[in-house]
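Working notes, beginning with the structure itself.
Chain letters run A, B, ... following the sequence lines, proteins first and then strands; every chain starts at 1.
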Number of protein chains: 2
Amino acid sequence: MSAAKKKGKRARRRSAPGKKIAIAASREAAQRAVSEGELSGLIGYALRRAQLRVFDDFYAALSVEGITPARFSTLAIIDGNPGISQTSLAQTLDIARSGVVMLIDTLEQLDLVSREPIEADKRSYALHLTRGGKTALQRIRRQVAIHEARVCARLDEKEKKWLLKMLARVGAAR
Amino acid sequence: MSAAKKKGKRARRRSAPGKKIAIAASREAAQRAVSEGELSGLIGYALRRAQLRVFDDFYAALSVEGITPARFSTLAIIDGNPGISQTSLAQTLDIARSGVVMLIDTLEQLDLVSREPIEADKRSYALHLTRGGKTALQRIRRQVAIHEARVCARLDEKEKKWLLKMLARVGAAR
DNA sequence: TTAAATTGTTACGTACCATAACAATATGCA
DNA sequence: TGCATATTGTTATGGTACGTAACAATTTAA
């Protein structure tokens with residue numbers, strides 16, 4: 001069941017041991033309460049911070065499975081679009097084709113995805129979830145749901161919906 | 001005045017030449033309209049997409065100056081907290097101290113920031129904007145404002161405020 | 001005074017991703 | 001039909017960002 005695991009360490013930042021505010025240096029200039037000033041009004045800054053936190057939580061919850069955000073997205077897209085090609089997947093994920101190769105290599109090693117030859121075009125593969133991939137995805141989905149709830153703890157249902165809508169507008173291509 | 005520039009290329013993704021939908025392969029399975037399915041309902045996915053777009057725009061607008069999002073944040077924080085230490089900056093940016101070293105190295109080479117020795121503590125430096133750094137920051141701010149407007153084109157003032165508020169909630173530490 | 005902590009730094013490793021070039025295959029068109 | 005062109009997956013290469021670990025210099029605390 002857990003063919004996963006590999007060498008998936010990674011835990012991103014969170015270097016502060018315990019909220020130590022560097023009081024010792026406060027005699028100097030402006031150390032005591034560092035102001036983020038104009039930055040807090042910038043979408044990009046707010047996005048980065050939010051994404052950092054969300055991804056951290058995702059890693060913490062799912063790296064034991066060998067699953068990263070990109071790998072989960074890949075699984076979900078293949079599940080929703082069985083037989084999809086690598087190029088098509090690259091476009092959907094908005095990454096280069098070469099990146100998909102590595103992604104699928106890994107997922108194949110984890111026995112979650114298979115490349116199946118397709119007679120209609122001998123250059124390309126049809127990507128499918130393996131049987132194990134399907135059951136793993138179910139399990140992973142439950143984890144993701146819990147992660148999602150944790151990350152959205154400060155939002156009610158309506159707010160979350162709104163946030164997704166606004167993010168979609170900002171993220172809309174072109 | 002423009003000691004900047006260096007080797008700042010970089011333009012991130014946007015590999016699709018012109019919206020080609022891979023119709024040719026449509027006979028097979030589900031190629032025609034790839035569905036993102038469950039992913040569109042996930043905060044992390046929406047965040048990633050939005051951030052990718054916003055950062056792309058930022059790079060496009062400011063890489064000629066040698067300025068990246070991280071470098072701009074650094075300049076803004078130093079400007080708002082003159083004399084700040086590298087460690088304090090690291091905590092504020094939420095990155096490792098070693099990362100700040102590189103960041104400041106670069107900014108120092110660009111003549112935008114200076115490390116000034118401090119008698120009270122011979123281990124640390126007080127970071128300051130140089131004269132050139134201050135004028136550059138003004139210029140950069142104007143660029144950033146334009147970038148910000150472009151990125152938020154689909155949001156009215158109220159929506160943007162709301163979005164920032166929600167993002168702050170999601171991004172709130174712990 | 002001595003042990004522990006902090007600061008900036010370097011070395012190192014890794015994740016991620018783009019670009020460019022390629023061979024095999026497919027398609028379009030004269 | 002035949003040939004130029006495009007597409008697919010792949011590899012090689014390189015860059016960027018960032019963390020961890022170890023260190024010397026210095027400061028703080030006991």
Could you give the CE-to-P distance, from B/M102 to C/dT9, as a whole number of Å? 12 Å

Under 4.0 angstrom between B/S98 side-chain N/O and C/dA11 OP1 or OP2: no

Rounding to a whole Å, what distance do you find between B/R48:CZ and C/dC16:P? 11 Å

Assess whether atom CZ of A/R131 is packed by more than 12 heavy atoms of other residues, nucleotides or ligands within 6.0 Å. no

I need the CD-P distance between B/E119 and C/dT7, as an integer number of Å. 17 Å

Name the closest nucleotide to the A/A96 side chain, picking from D/dT27, C/dT19, D/dG9. C/dT19

So does B/R123 reach the base of C/dG8 with its side chain, donor to acceptor, closer than 3.5 Å? no

Please determine if a side-chain N or O atom of B/T87 lies less than 4.0 Å away from the OP1 or OP2 oxygen of C/dG8. yes

Taking the nucleotide of DNA chain D with the closest heavy atom to each, which residue, B/R71 or A/S124, is nearer the 5' end? A/S124

Looking at A/E157, I want to see if its CD is surrounded by more than 12 non-hydrogen atoms of other residues, nucleotides or ligands under 6.0 Å. no

What pairs of donor and acceptor atoms, side-chain ones from residues 161-169 of chain A against any protein atom, are under 3.5 angstrom apart with sequence neighbours left out?
from   : atom 1 : to     : atom 2 : distance (Å)
A/R169 : NH1    : B/R154 : O      : 3.1
A/R169 : NH1    : B/E159 : OE1    : 3.1
A/R169 : NH1    : B/E159 : OE2    : 3.2

Between D/dG19 atom C1' and A/F55 atom CZ, what is the distance in whole Å? 17 Å

So, is B/R115 near the phosphate of C/dT9, with a side-chain N or O under 4.0 Å from OP1 or OP2? yes

Which residue lies toward the 5' end of DNA chain C, B/V101 or A/L103, if each is placed at its nearest nucleotide? B/V101

With sequence neighbours excluded, give me every salt bridge (Lys or Arg N to Asp or Glu O under 4.0 Å) pair touching residues 68-78 of chain B. none

Quick one: B/I104 CD1 to C/dG8 P, roughly how many Å, whole number? 10 Å

Can you tell me if B/Q86 touches the phosphate of C/dT6, counting only side-chain N or O atoms and a distance under 4.0 Å to OP1 or OP2? no

Spacing between A/L127 atom CG and D/dT8 atom P, to the nearest angstrom: 13 Å

Give the rounded distance in Å between these two atoms: NZ of A/K122 and P of C/dT27. 11 Å

Side chain of A/Y125 (C-beta onward), nearest among C/dT9, D/dT10, C/dT25: D/dT10

How are the rings of A/F55 and A/F58 set relative to one another: parallel (under 30°), tilted (30 to 60°) or perpendicular (over 60°)? tilted

If I take atom CG in residue B/D56 and atom C1' in nucleotide C/dC17, what distance separates them, rounded to the nearest angstrom? 12 Å

Would you indicate which nucleotide in C/dG8, C/dA18, D/dG19 comes nearest to any side-chain atom of B/I95? D/dG19

Is a donor-acceptor contact shorter than 3.5 angstrom present between the side chain of B/S85 and the base of C/dT7? no

